[in-house]
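Note sheet for the following structure.
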Amino acid sequence: MNIKTRLLSVLAVLALLLGLVYVAVRGGSNVGSSSELLFSRKRTINLWYTDDSMTDYLNSVCVAYTDSQDSCRVEPTLIDDTDYMQKIYDASVQGEDYPDVFIAGNDLLERLWLTGLATKVQDENHFKDNQYFCQPAVDAVTYQDKVIAYPMSFEAAAFLYNEDDLQSMADAVGKTLEETVPKTMVDVITLANDYDAPENVSAVLKWDVSDIFYNYCFLGNYMDIGGKTGDDTSQLHVYNQQLISCLQVYQQLNQFFSIDTSSDDYDSVIQDFAAGKIVFTLATSDSVQKIAKYCKDNGTTLNYGVTRIPDLTGDLKSKTLSITNCLVVNGYSDQQDAANAFCQYLLFSGMENFFEQTGKAPAVAGYTFSDEHMNGFYDAYTDSAPITKLRSASNFWMLLENTFAQVWDGQDANEQLRQLCQELLIQMTGQDNVKVETIANPTYVDIRSELKGDES
């Protein structure tokens, strides 16, 4: 190469460098964006979700994570929840614009695993000894002895009580507020019978009796769909004497508490509780923000407490149902290491303002709530029954809701449970000729006799 050629080459390189410097200088305050445009090598991790209340939080945590490291950026996308799982599957199979991570309920995990959309998490430290998650959270994301998702948030029902009204009840019997918090539904009835309610109180106890989420607790301690982790088809216990007794007591509650199943829906019940018209109710954690909003809008305050749902009687225990929303790493993704790293960041470094931004309850243990009422819901979650993952039992909740409705309206508890069991087995086996024999009725538990026993 002669001197002239070398000189031309050097001049060309200098011109290129000067051009780059000019772009950077011309950009002024946009030096960062120009630099990123020219030199960024970050891969994109796609995150799908369906709940718009998560948008602000996910946008902020994704930006924070993207800024915290150099290897990838996370892009959240709100997806319509219609056929959500099918959309994930179709996009993943086609290999275009699919999520590397997505948020889904733990009830979908069996289907997600069997279609290859879920995979075992790359995390051996955070699922040991319940240090980071309570046992129901771990059970919720465990399938066939494998942890296949990260618990993110939960929903569980708990018992709400008006502290001012309960204090009046306590004062009337010479007890403290803590001593007066009902431990059983028999306690609630006893308090109702002895309470001279003020004019503004229209009901001592009211809840949405048409919603399975608030009724399930009355059977949850003796009902089993899929075993501890909800994935074992051999573990089906929906028809036994304890369940019959529970439903018989549940039916008797209709005699003591006037609840209109056609008009007393969840939102109206929570509004009446917030207005001080109801002393006790069953609710999920979304009620905390609903109550706060009602009080703010109406310039009022409400002193209330949250605790576990009372047992039916001293012998018949309750257990609430829980649903855990999870971060699932897509089994079709070719960026699973990066996707797992993001999930771990979100849960263990990015949850500081989760409740404040979403109104939802995080599943991670040790979260400091800005509203102390949420602690009662977390306590309920730690002793809850996670919803089953069995896809063959997906219709069970509609069947059970119908069973509760029939019993509430006076139908025989034993026969309704027998029909429930038979319909569930037909659904799960695909055989129309399944017959379930009637079992003997247990000794009838009469609430009125329980009340008399307390008074003696």
Side-chain angles (χ1 to χ4, degrees), residues 107 157 184-186 207-228 230-257 259 261 282 309-323 384-450:
D107 55 317
T184 70
M185 285 297 168
V186 174
W207 76 96
D208 184 358
V209 297
S210 66
D211 193 318
I212 189 61
F213 212 89
Y214 310 108
N215 283 332
Y216 182 85
C217 61
F218 299 119
L219 301 183
N221 199 57
Y222 310 103
M223 182 167 278
D224 188 355
I225 308 295
K228 180 182 178 183
D231 56 7
D232 185 353
T233 55
S234 70
Q235 299 297 313
L236 296 174
H237 304 287
V238 299
Y239 184 40
N240 56 52
Q241 289 192 327
Q242 288 171 312
L243 289 171
I244 295 171
S245 290
C246 288
L247 265 189
Q248 288 174 341
V249 172
Y250 170 82
Q251 186 177 63
Q252 293 173 67
L253 296 179
N254 198 4
Q255 302 170 21
F256 295 93
F257 304 108
I259 301 176
T261 57
L282 279 64
I309 295 174
D311 298 324
L312 280 166
T313 68
D315 296 324
L316 297 173
K317 307 302 180 182
S318 66
K319 183 179 283 290
T320 191
L321 180 70
S322 65
I323 294 178
S384 66
I387 193 170
T388 185
K389 304 175 182 68
L390 294 176
R391 59 175 180 170
S392 57
S394 59
N395 197 42
F396 172 71
W397 306 107
M398 185 181 72
L399 298 175
L400 184 59
E401 191 168 271
N402 181 66
T403 297
F404 271 108
Q406 295 295 323
V407 171
W408 186 259
D409 289 338
Q411 297 297 313
D412 181 70
N414 189 332
E415 175 58 18
Q416 292 302 312
L417 278 174
R418 188 199 68 79
Q419 290 183 22
L420 169 69
C421 183
Q422 184 166 293
E423 290 173 359
L424 177 61
L425 289 173
I426 289 173
Q427 174 184 315
M428 295 187 68
T429 63
Q431 300 176 4
D432 294 334
N433 60 348
V434 175
K435 298 294 181 183
V436 174
E437 298 298 326
T438 301
I439 64 176
N441 273 315
T443 301
Y444 188 75
V445 178
D446 188 342
I447 290 183
R448 294 187 185 277
S449 65
E450 294 269 330

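Numbering of residues begins at 1 and proceeds along the displayed sequence. Just so it is clear, the structure is predicted and the values come from calculations on it, not from any experiment.
F218 and W207 have tilted rings, their planes meeting at an angle from 30° to 60° on a 0 to 90° scale.
S318 places no side-chain N or O within donor-acceptor distance of the main-chain N or O of C217, the cut-off being under 3.5 Å. Between the Y239 side chain and the I439 main chain, a donor and an acceptor come within less than 3.5 Å of each other. Formation of a donor-acceptor pair under 3.5 Å by the D224 side chain with backbone atoms of G227 is found in this model. The backbone N or O of G230 sits less than 3.5 Å from a side-chain atom of T388, completing a donor-acceptor pair. Side-chain atoms of Q252 come within 3.5 Å of backbone N or O of I447 as a donor-acceptor pair. Judged by distance alone, with hydrogens and angles left aside, the side-chain atoms of Q427 form a donor-acceptor pair with the main-chain N or O of S392 at under 3.5 Å. In terms of modelled atom types and a separation under 3.5 Å, the side chain of R418 and the main chain of V436 share a donor-acceptor contact. A distance-only check finds no donor-acceptor pair linking the side chain of S384 to the backbone of S322 [under 3.5 Å].
No side-chain heavy atom of D208 sits under 4.5 Å from any side-chain heavy atom of F213. Inter-residue side-chain proximity for L400 and L219 is flagged as met; some heavy-atom pair is nearer than 4.5 Å.
Rounding to the nearest 0.5 Å gives a distance of 5.0 Å between CH2 of W397 and CG of L321.
The number of heavy-atom neighbours closer than 6.0 Å to CG of N433, taken from other residues, nucleotides and ligands shown, is above 12. Other residues, nucleotides and ligands contribute more than 12 heavy atoms inside 6.0 Å of the CD atom of Q255.
Here side-chain hydrogen bond (donor to acceptor under 3.5 Å, both in side chains) pairs that include residues 398-412, with residues two or more places apart or in two chains, number zero.
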